[in-house]
Amino acid sequence: MSGTPGSLRTRLLVRIGAALVAVCAAMALAAVLAQRALLLDHLDGRVMDAAEQGLAGSSLRPGDDRDLTLLDGNGHPEGLLAARLDAHGAVTAAAVTGPDGTPRTLTAGQRAALRGIAPGGTPRTRTVPGLGTYRVTGLSASGVRILAGLPMDDVRDVLNRLVVVEAVVGAAGLAVAGGVCAVVVRRQLRPLGRVAATAAALARAPLGHDRPTGLPRVAEADTDPGSEAGQVGAALNRMIDQVESDRAARRRDEERMRRFLADAGHELRTPLASIVGYAELMNRGTGPVEPMLAWRRVSAESARMTGLVEDLLLLARLDEGRPLRSAEVDLVALVAEAVREARAADPDRTWRLALHLDAPALVVGDETGLGKAVANLLANARAHTPPGTTVVAAVEATAERRVVRVRDDGPGIPPHLLASVFDRFTRADASRSRRGPGDAGSGLGLAVVEAIASAHGGRTTVRSAPGHTEFTVELPPAPEREGELPLPVEVPELSEQR
């Protein structure tokens, strides 16, 4: 992470530095004010002592308001100011001690600076021309009024030295603190810098599905959830995982689409080639195949191709999510009709209907589509089981669900095909024997079943073992309505009913 003016590191250092300067300035100001208050309090005590001594000396001559004998003698500090006031508060005499202790009378301008100070004992700050700033207080007793004051030069000198010392120490402390903060911020932002570098590399990386290597990732050490940078790194890794998952899913979808197009083309080419071949024979008028047989083969292949195209169109409509026709459908009647048709079309197998009804077997959906799904399950059992197999179509209805089960006692589905049995153009191998070439399906029947069930908000499952294969279609029930359980459907060889 660079130290450019707009970088996070620069902004942090600027704001931390501003905060440190503000704190140091506030501490220095507080120290100066506290020291000033302390020094002024000490100076005010000295001024009050001097005023009390002067008042005691002046009380010996109360009638002479020009007497300043309080400055006579030794031991007075340099710059001690004393003044006498009349009854109206006007300065009648004022003097200040010199370096040698000799009093020096104040000028009129200097005396004017002392006006307005009442002898109440409260120290005041006054600037006396030619002498500097003084702390002055006044006292009175028995008609004697005096003023006494001391210069503030010592206080100012101490405060100035204190300001200089604090400025030097504060500058040095700020420099050291700034350096430490720069090092700490740099170290703490290194993981974020590495995360940013990973994000930049990710932005430059091509995201095409043909990329041979994986996307750059944040190192495990930079994904600690206990720090903000680690949380960002972990979130970036999760995003990369999602991107790679999406890429893998897209590759799988594209591969399935290629397989789907290749299988669809193959399935359409086979009957189309047969139609073209028989048509060419009939155009010649001679050949080993009789015209009626040729016409039958052309019709059969046309029907096969038509069924394949219809299944493809149905899957396309369902994939697009087009709304289905919605009506109340009785699964008992629908499955019973499908069993009748299967029994009529294939007498070599035993077809049975089983009912397990604790509630009306009603669903809301497209009756034609649901009928096609049941017919495809029965056709799948007919195409992949040997003659003599028993096929049971069961309808179960409870308060929570509606289920259609189609089971048979055939040879079963190979285990390696169970995971993809509902994929498009999936075919069983020889262990699920077919009766003949005419019964070979396109591999779309079970895919259509799953698509129709999903479009109705249901799901499909399969279980298979030698001697027992069961397909299950579970659908949501129709909204409850008042009424009784419908009468049983009359179906020959009804195996179970409850």
Please enumerate all residues that pass side-chain contact (heavy atoms from CB on, under 4.5 Å) together with [X], with sequence neighbours excluded.
X: V163; value: V32
X: V91; value: A83, L85, A94, R111, L114
X: L131; value: L81, V96, R104, L106, Q110, V128, Y134
X: A375; value: none

If I take atom [atom1] from residue [X] and atom [atom2] from residue [Y], how far apart are they, to the nearest 0.5 angstrom?
X: L331; Y: L362; atom1: CG; atom2: CG; answer: 7.5 Å
X: I117; Y: T125; atom1: CD1; atom2: OG1; answer: 9.5 Å
X: D241; Y: M239; atom1: CG; atom2: CE; answer: 10.0 Å
X: L40; Y: L159; atom1: CG; atom2: CG; answer: 7.5 Å
X: R186; Y: L12; atom1: CZ; atom2: CG; answer: 13.5 Å
X: C24; Y: L29; atom1: SG; atom2: CG; answer: 12.5 Å

Return a table of donor-acceptor pairs under 3.5 angstrom between the side chains of residues 363-373 and protein atoms on other chains or two or more places apart.
from: D366; atom 1: OD1; to: T368; atom 2: N; distance (Å): 3.2
from: K372; atom 1: NZ; to: D311; atom 2: OD1; distance (Å): 3.3

- Message: Applying side-chain hydrogen bond (donor to acceptor under 3.5 Å, both in side chains) as the test, list every pair that has at least one member in residues 28-52; sequence neighbours left out.
- Response: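 Residue pairs with at least one partner in residues 28-52: D44-R135.
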- Message: The test is side-chain contact (heavy atoms from CB on, under 4.5 Å); show your working for N376 and F471 and say whether it passes.
- Response: CA-CA 11 Å; N376 282 3; F471 287 89; over 6 Å; no
- Task: Go through the structure and list residues passing salt bridge (Lys or Arg N to Asp or Glu O under 4.0 Å) with E470, not counting sequence neighbours.
- Result: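 If we apply the salt bridge (Lys or Arg N to Asp or Glu O under 4.0 Å) test to E470, skipping adjacent residues, the hits are R405, R463.
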- Task: Identify, with sequence neighbours excluded, every residue that meets salt bridge (Lys or Arg N to Asp or Glu O under 4.0 Å) alongside D246.
- Result: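 Salt bridge (Lys or Arg N to Asp or Glu O under 4.0 Å) list for D246, sorted by chain: empty.
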Applying side chain to side chain donor-acceptor pair (under 3.5 Å), can you list everything that pairs with [X], at least two apart in sequence or on another chain?
X: T97; answer: none
X: N160; answer: none
X: E166; answer: none

- Would you mind reporting whether D153 and T133 have side-chain heavy atoms less than 4.5 Å apart?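 A side-chain contact under 4.5 Å is absent here.
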Do any N or O atoms from the side chain of [X] and from the backbone of [Y] form a donor-acceptor pair under 3.5 angstrom?
X: Q231; Y: P225; result: yes
X: T92; Y: R84; result: yes
X: R402; Y: T398; result: yes

- Task: Provide the full list of salt bridge (charged side-chain N to carboxylate O under 4.0 Å, His left out) pairs with a residue in residues 449-461, sequence neighbours left out, each pair given once.
- Result: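 Pairs touching residues 449-461 that pass the test: R459-E474.
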